[in-house]
Amino acid sequence: MDEEKELFDEENIDIFDDINTDIFAETEPEPPEDDVSPEEKAEQERRSAILAEAYRINSQYSKMDFFTRAGHFAVKVGAAVLIGVIAGIKFIFSEIIDLGKSILKALLWLLMELISPMKSRFDLNKKLQKNVRKARKEDEREYKKALLNFWGSYLFGEDGVFYTAFNYILPILSIAFLVGIVKYGSGLEYGLSVEYNGKEIGMITAEADFEEAEREVQQRIAYSDDAEKIDLSAKYSLRIINENDTVYSAAQLANEMLTASDQALKEAYGIYIDGKFIGAVQNKDKVQDALNDRILNFRVDGVVKDLGYKNTVEYSHGIYLASSVMAEQDAIDLLTSSKDKKAVYIAQRGDTAVTIAQKYNMDTNKLEELNPGISEKCRKGTLVNVIEKESYLPIQYVRELDSVSFLDYESVEVETSALNKGDRDVIVKGRRGEKVSHIEVTFVDGKEYSRKTVSSKVTKEPVVEKIGIGVYAARPASPDTILTGSGEFGWPVNGGYISDHFGGARNHKGLDIAADGGTDIYAAADGEVVSAGWNTGGYGYFVQLGHTDEYQTVYGHMSKVLVEEGQYVSRGQLIGKVGTTGDSTGNHCHFEVRHHGICLDPELFVNTVNSFNDDRDKDKDDKKKN
């Protein structure tokens with residue numbers, strides 16, 4: 001850095017000015033060295049050294065790396081952001097100061113408005129005091145008059161004591177009074193005063209309580225057979241509840257309304273079934289004991305839970321019509337009674353007239369009477385007329401069961417080269433799955449009422465059925481070539497015919513399929529290329545595939561091999577071209593089937609029966625018809 005300062009001091013600045021001035025000027029020829037004095041030569045050398053140093057420093061800055069430049073840029077951006085933040089804070093503080101000034105001005109104005117009447121009052125008092133002192137010097141009468149004028153203005157004049165008190169104290173007193181009224185009113189409790197038959201019978205907190213009480217009274221009097229009806233019309237008005245008032249619930253109000261009527265009444269326990277009044281008794285314990293005994297003596301097989309009545313039985317103590325109060329035994333007989341009810345039963349597998357009669361506790365003769373000939377023709381799905389018992393209070397219970405259900409399987413169609421085109425067969429057999437469900441079955445009077453599934457678990461997943469649609473298209477050239485083998489292997493050539501069978505006098509090891517040179521040869525089944533290429537044993541260009549269960553197929557005399565050793569191929573995949581290489585007298589494919597190295601007759605494994613019943617032949621038939 002010191003070198004750079006020395007380089008750019010005032011002494012050397014004129015050198016750069018001369019360079020900048022003359023850099024684009026016309027170049028003059030330098031004088032010969034003989035004409036240059038030693039001083040001028042030294043000056044030129046000094047200038048050259050300065051310029052070289054300047055170029056060196058400039059070169060250092062130009063070689064500044066990327067990260068250094070990025071750092072400079074980041075510093076500039078950070079500085080700009082900081083300046084922006086400072087400017088924003090400065091703006092916010094200036095606005096806050098301006099707002100504070102505005103608030104201060106408003107407060108000063110308000111203070112002046114409050115003080116101005118007092119200042120006027122002080123000025124007026126000062127003036128009146130001056131008049132009093134002046135009048136005192138002049139005359140006693142004028143003095144009294146001036147003094148009276150002073151006190152009148154001070155106490156009763158504009159901005160005087162009473163005027164100021166009225167303007168300031170009265171609003172405060174009014175607010176205090178209003179707050180007291182609101183506080184007092186909020187602490188009061190309001191209710192509806194009910195007036196029935198011309199007299200007030202009590203207080204309720206809501207109109208809904210009266211409506212509920214009215215419904216309760218309607219239930220109680222509905223039991224009565226009297227022709228004269230009770231007038232339930234009542235009046236109610238809103239008023240404050242005081243200490244002497246009695247606030248009633250809906251049930252209590254119903255008692256009071258009945259008491260206020262002219263009917264004969266009794267204090268008893270009302271019996272309600274699912275909220276419906278059916279009568280009243282004076283001793284509810286005797287009734288409840290009878291209902292409990294019925295539950296205890298109810299016979300049910302197996303383990304059950306939640307054994308009890310289907311309906312809710314409740315008792316309510318109160319005032320009831322005397323005509324609605326019954327003897328305890330009459331109430332027990334009513335609650336434990338049952339009646340016959342006609343119904344229809346759908347016969348299940350294994351049902352007989354005897355089993356159906358037992359299920360409904362019927363006599364078989366009665367069942368035969370309702371269903372003539374049922375003993376001889378009771379089959380699944382038959383509609384059977386039966387009589388079942390319907391209890392006044394049905395008994396229900398819950399039984400837990402584990403149910404096994406089956407899950408249907410899906411069927412899908414898949415194209416497969418394992419089948420000849422046009423063939424269709426099941427390649428994966430579908431199987432139903434199984435699901436175990438834990439269910440709760442609710443029974444009412446011994447008959448199933450409802451079912452609820454608590455949990456389910458699939459124990460066996462269904463197996464999807466796969467139906468194969470054949471796409472293997474290779475077949476003989478003529479439908480006259482019929483092979484009826486197992487179909488485990490496909491016809492390997494796209495066309496052709498059998499020119500030489502297996503065995504014979506020359507012990508032929510395979511099947512010769514003659515076809516034009518270059519015809520496609522396909523893999524007869526899925527497998528791995530065991531060997532591919534030239535064979536010195538007479539097969540020429542050949543391919544050998546390994547299949548499952550130790551089977552192998554061989555394709556010889558190819559003109560071209562299209563697969564490599566170790567490659568996996570699928571049935572119907574192109575593996576080569578027909579040729580006449582090796583020991584061959586014409587274009588053909590020598591096809592062998594081997595098992596554990598022993599050559600077998602390929603015709604035992606190839607099936608061409610349905611090879612000419614696919615869409616290709618249908619299209620040809622349609623064209624011929626047209």
Can you give me every donor-acceptor pair (side chain of residues 383-398, partner residue at least two apart or in another chain, under 3.5 Å) with its distance?
{"from": "K389", "atom 1": "NZ", "to": "D340", "atom 2": "OD1", "distance (Å)": "2.7"}
{"from": "S391", "atom 1": "OG", "to": "D445", "atom 2": "OD2", "distance (Å)": "2.8"}

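- Judged purely by distance below 3.5 Å, without hydrogens or angles, the side chains of H595 and E550 never pair a donor atom with an acceptor atom.
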Steps toward salt bridge (charged side-chain N to carboxylate O under 4.0 Å, His left out) verdict (R424, E413): CA-CA 9 Å; R424 178 188 178 96; E413 295 182 346; 2.6 Å; yes
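- We find that K284 and E328 are not joined by a salt bridge, their nearest charged nitrogen and carboxylate oxygen being 4.0 Å or further apart.
- Side-chain contact of E369 with N365: a donor-acceptor pair under 3.5 Å is absent, judged by distance alone.
- Between H588 and H557, the gap from one ring centroid to the other is short of 6.0 Å.
- Ring centroid separation for the pair F591 and Y555 comes in under the 6.0 Å cut-off.
- Between Y551 and F605, the two ring planes are perpendicular [angle over 60°; tilted spans 30° to 60°].
- Within a 6.0 Å radius of OH in Y497, no more than 12 heavy atoms belonging to other residues, nucleotides or ligands are found.
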Stepwise salt bridge (charged side-chain N to carboxylate O under 4.0 Å, His left out) check, K380 with D351: CA-CA 7 Å; K380 180 182 178 180; D351 276 343; over 6 Å; no
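- No side-chain donor from either of E528 and Q567 sits under 3.5 Å from a side-chain acceptor of the other.
- Nearest heavy atoms, E565 versus A532: N-CB, 4.3 Å.
- Note: H590 and F542 fail the aromatic proximity criterion, with ring centroids not under 6.0 Å apart.
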Residues 399-410, side-chain donor-acceptor partners within the protein, below 3.5 Å, at least two apart:
{"from": "R399", "atom 1": "NH1", "to": "D301", "atom 2": "O", "distance (Å)": "2.7"}
{"from": "R399", "atom 1": "NH2", "to": "D301", "atom 2": "O", "distance (Å)": "2.8"}
{"from": "E400", "atom 1": "OE2", "to": "K305", "atom 2": "NZ", "distance (Å)": "3.0"}
{"from": "D402", "atom 1": "OD1", "to": "H438", "atom 2": "ND1", "distance (Å)": "2.8"}
{"from": "S405", "atom 1": "OG", "to": "K435", "atom 2": "O", "distance (Å)": "3.4"}

Distance-only check: which donor-acceptor pairs under 3.5 Å involve side-chain atoms of residues 306-315, not counting sequence neighbours?
{"from": "Y309", "atom 1": "OH", "to": "L291", "atom 2": "O", "distance (Å)": "2.7"}
{"from": "N311", "atom 1": "ND2", "to": "D274", "atom 2": "OD2", "distance (Å)": "2.8"}
{"from": "Y315", "atom 1": "OH", "to": "Q288", "atom 2": "OE1", "distance (Å)": "2.8"}

